Amino acid sequence: MGEEASCNAVSVMEAATNAKQPQQPKENGCAAAAVAAGEAVAVADPRLQGISDAIRVVPHFPKQGIMFNDITTLLLRPGVFKDAVDLFVERYRGMGIHAVAGIEARGFIFGPAIALAIGAKFIPLRKPRKLPERAGADVVECACLIGLPKFK
């Protein structure tokens with residue numbers, strides 16, 4: 001998978017200094033833990049399969065060797081799009097986050113919805129000198145809708 005693969009990143013910024021500690025990141029999309037025979041067993045959230053199925057992979061686009069993850073097909077399915085936003089919201093609600101920053105262009109799609117749902121402001125991030133203001137904050141976590149196995 002090439003670096004140009006679509007990372008729908010939403011950086012979470014400006015956590016309140018007195019906010020509770022962030023939860024541990026959920027590994028490989030595991031949204032819950034179950035206890036079976038005395039052992040903690042990771043249980044994958046059933047929404048993840050629908051989200052994965054809704055993302056179309058276009059081989060060799062925009063150039064040879066790139067596996068482009070097209071989220072247009074996800075956006076055309078309102079229920080699945082809502083599930084994707086809800087997973088982020090469930091992760092970040094109640095963490096005292098003041099702002100969500102979305103990286104162009106896909107972050108502009110997911111970021112505002114997440115920010116509104118958790119009661120935070122939205123900050124669009126673009127390449128240097130593409131916006132008149134500079135954004136500065138402490139990044140708490142970076143989250144992507146599409147995993148990039150190469151970067152674990």
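Nothing here was measured: the structure is a model prediction, and the numbers come from that model. Basis for what follows: all heavy atoms, side chains included, without hydrogens, waters or symmetry-related copies.
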| request: Please name the pair of heavy atoms, one in Ala99 and one in Ala120, separated by the smallest distance, quoted to 0.1 Å. | output: N-CB, 3.8 Å
| field | Heavy-atom side-chain contact between Val57 and Phe68 under 4.5 Å | value | no
| remark: Heavy-atom nearest pair, Ala143 first then Phe88, reads CB-CE2, 3.3 Å
| message | For a quick test of reading the model, state the closest non-hydrogen atom pair linking Ile114 to Val89 and the distance between them. | response | CA-CG2, 4.1 Å
| Side-chain heavy-atom pair Ile71, Asn69 within 4.5 angstrom cut-off | no
| Can you tell me how far CG of Leu125 sits from CG of Leu131, rounded to the nearest 0.5 angstrom? | 8.0 Å
| message | Quick check: closest heavy atoms across Met67 and His60, and the distance to 0.1 Å? | response | SD-N, 4.4 Å
| remark: Shortest non-hydrogen pair, Gly102 vs Phe108, comes out as O-CE1, 3.2 Å
| So, the side chain of Arg47 versus the backbone of Val80: is there a donor-acceptor pair under 3.5 Å, distance only? | no
| query | Should Asp45 and Leu87 count as side-chain neighbours, where that means a heavy-atom distance under 4.5 Å? | reply | yes
| request: List for me each residue that meets side-chain hydrogen bond (donor to acceptor under 3.5 Å, both in side chains) alongside Arg126, sequence neighbours excluded, and say none if there are none. | output: Glu104
| request: Give the intermediate values and the outcome of side-chain contact (heavy atoms from CB on, under 4.5 Å) for residues Asp83 and Ile51. | output: CA-CA 8 Å; Asp83 286 345; Ile51 292 167; 4.3 Å; yes
| note | Between Ala117 and Arg93 the two heavy atoms that sit nearest each other are O-NH2, 3.2 Å
| said: The test is side-chain contact (heavy atoms from CB on, under 4.5 Å); show your working for Ile109 and Phe81 and say whether it passes. | reply: CA-CA 10 Å; Ile109 296 169; Phe81 179 39; 3.8 Å; yes
| Atom CD1 of Ile103 and atom CD1 of Ile123: how far apart are they, to the nearest 0.5 Å? | 12.0 Å
| task | I would like to know whether Ile97 and Ile118 meet side-chain contact (heavy atoms from CB on, under 4.5 Å); could you show each step before the answer? | result | CA-CA 8 Å; Ile97 294 167; Ile118 66 172; 4.1 Å; yes
| task | Mind checking the OG1-CZ spacing from Thr73 to Arg56? Nearest 0.5 Å is all I need. | result | 6.5 Å
| request: Just do the side-chain contact (heavy atoms from CB on, under 4.5 Å) check on Ile66 and Phe61 with the steps written out, would you? | output: CA-CA 6 Å; Ile66 301 295; Phe61 181 83; 6.0 Å; no
